[in-house]
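All remarks here apply to the structure that follows.
Letters go in sequence order (proteins before strands), and every chain restarts at 1. None of these values were measured; they are calculated from a predicted model.
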Amino acid sequence: MKSAIIERFGSGVLTLLLIWGASILPVQAQMNQVKPISIGTDAPMTDVDLETTDGEMTTLQASAMEKGLVVMFTCNTCPYVKAWEDRFNEVSQMAKEQGIGFIALNPNTKYRDKGDSMDDMKKRAQDYNYQFTYALDKNNQLADAYGATRTPEIFLFNSDMKLVYHGAIDDNYKSKADVQKTYLKDALMALGNGNDIMPKTTKSLGCSIKRVR
Amino acid sequence: MRRKIIPLMLMLAAGLMVWQCSPKEDPAEVQTGGEPETLLEPITASQIDSVVKQYRGEKAVLVNLWATWCGPCVEEFPHIVELQEKYEDQLKVIFISGDFTDPYVEVPKFLKEYKVDWTTYLKTGNDQEFIPAVDPTWSGALPFTKIYDKQGNVVARWENSADFETFHKHVKNAINGG
């Protein structure tokens, strides 16, 4: 059929038809869209060296415990982080009690001179008495590999380092007292007890990661 | 005589209390010649669709999710305001703020600084419902922009900030039919 049309009208007509067809369809521009890894995906870049606020080096693999690992993308310069920060130690403690490691990563490469330098991170960890590892994601390479878009953003992996939960800490950044759904705590409990995690993904507002590309 | 004076004094005192308690000046309103226009109104997930749809058939629509403290949002904000002024009759910009610390003070103050004199909105309610109602592909990171043509077709959407040329290109495309 196609060859018959080409034979009769020439390929130029087909090309024109294709151009016309494309022009009448609404074309959607979708720029800068970072895609997060899907549930069930292996944790990427688990052996990359990460500098921590304790002045040591670690990796995600070294931070994981027998039942898994929480990776939290965070920073010093985001009001959403600050709003949720009164729950950071609590969830990290709970993770450890369930046999799940906890590491926070700062991916804001573009803001290293605007409040997200290693010195700023050390001060933040001290001021807020962080009870978990806080490390610098150099050149936002882990944020890119995970498809993280905002701070704070949680990726929870099981003992096989497969993603089992992605999203928010809970459903109320404004007030810890008014939280109705404790997404991360529920996921940690479920993972610790060997139960299915529901929901597996949640969304929340956050500050865009200040990447260099 | 005394019986008449006491109730009168009570009424005066009550009136004074009401006057004292009422806001001196609503920071979220601006006088535009006729009725005062509210600069900032709460918007929930279920209201987004109807707010966007009210311009269907008349104008292209640019929805921008932002916050006063968000660096990339503040960088691109003047570009969007400039385009609203340039294409006043063909484009409607709908700003939705994600501010949550004193929003009814901070946001109108910012809007006035940038000479935004039309109604804008404040994100209200649960993130889990709100984010997909704005756009199912949006992760929740600020800023976020979505542009509709006059027929209500989405012609562009993106997370993070953009320069004037990018906004202009997509706005022109939306005005010209997508």
Side-chain angles (χ1 to χ4, degrees), chain A residues 22-36 73 75 77-84 107-108 110-111 114-116 143 146-154 166-175 178-181 183 199 201-211 213, chain B residues 45 65-73 75-76 96-101 103 106 123-149 151-163 166-167 169-171 173-174 176-178:
Chain A
S23 72
I24 60 166
L25 291 170
V27 180
Q28 288 186 21
Q30 204 152 350
M31 316 175 328
N32 307 332
Q33 209 69 23
V34 176
K35 274 198 84 176
F73 289 93
C75 67
T77 50
C78 172
Y80 289 108
V81 168
K82 201 172 176 189
W84 255 308
N108 275 3
K110 216 172 165 182
Y111 273 27
K114 292 180 185 170
D116 281 315
Y146 284 68
T149 62
R150 62 197 183 277
T151 55
E153 185 173 352
I154 301 286
H166 169 221
I169 294 170
D170 57 47
D171 69 347
N172 198 324
Y173 46 85
K174 289 182 203 167
S175 164
D178 295 324
V179 169
Q180 293 185 334
K181 294 188 176 165
Y183 302 126
T201 58
T202 58
K203 285 189 173 181
S204 61
L205 289 188
C207 302
S208 57
I209 290 175
K210 312 302 184 292
R211 327 177 107 87
R213 291 178 189 274
Chain B
L65 280 293
W66 70 292
T68 55
W69 41 256
C70 159
C73 308
E75 267 174 39
E76 68 179 16
I96 303 177
S97 165
D99 280 74
F100 55 90
T101 309
E106 294 303 321
K123 178 252 162 191
T124 308
N126 187 291
D127 285 4
Q128 276 287 92
E129 292 166 11
F130 193 85
I131 294 167
V134 171
D135 192 288
T137 69
W138 180 34
S139 77
L142 294 176
F144 177 75
T145 298
K146 188 172 183 179
I147 302 177
Y148 300 81
D149 66 15
Q151 285 71 47
N153 301 309
V154 179
V155 295
R157 47 158 77 91
W158 66 86
E159 287 188 12
N160 286 314
S161 58
D163 55 20
T166 304
F167 275 105
K169 181 180 77 181
H170 292 301
V171 163
N173 187 29
N176 294 330

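Neither the backbone nor the side chain of A/Ala168 comes within contact range of chain B, judged by heavy atoms closer than 4.5 Å. Using a 4.5 Å cut-off between heavy atoms, B/Leu142 contacts chain A through both its backbone and its side chain. Residue B/Lys123 touches chain A through its side chain alone, counting heavy-atom pairs closer than 4.5 Å.
Partners of A/Pro199 by side-chain contact (heavy atoms from CB on, under 4.5 Å), not counting sequence neighbours, listed by chain and number: A/Tyr183, A/Thr202. For A/Cys75, the disulfide bond (SG atoms under 2.5 Å apart) criterion is met by no residue, not counting sequence neighbours.
Among B/Phe130, B/Phe144, B/Trp69, the residue making the largest number of heavy-atom pairs under 4.5 Å with chain A is B/Trp69. Between chain B and the residues A/Pro36, A/Pro79, A/Cys78, the most heavy-atom pairs under 4.5 angstrom are made by A/Pro79.
Ring planes of B/Phe100 and A/Tyr80: tilted class, angle from 30 to 60°.
The nearest pair of heavy atoms linking B/Asn160 to A/Arg213 is ND2-NH2, 3.9 Å. Scanning all heavy atoms of the two residues, the minimum distance from B/Ala141 to A/Arg150 falls at CB-CB, 3.8 Å. The two atoms that bring A/Lys203 and B/Pro136 nearest to each other are NZ-O, 2.9 Å, heavy atoms only.
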Stepwise side-chain contact (heavy atoms from CB on, under 4.5 Å) test for A/Ser208 and B/Glu159 = CA-CA 8 Å; A/Ser208 57; B/Glu159 287 188 12; over 6 Å; no

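Between the B/Asp127 side chain and the A/Leu205 main chain, a donor and an acceptor come within less than 3.5 Å of each other. For A/Lys210 (side chain) and B/Pro72 (main-chain N/O), no donor-acceptor pair under 3.5 Å exists by modelled atom type.
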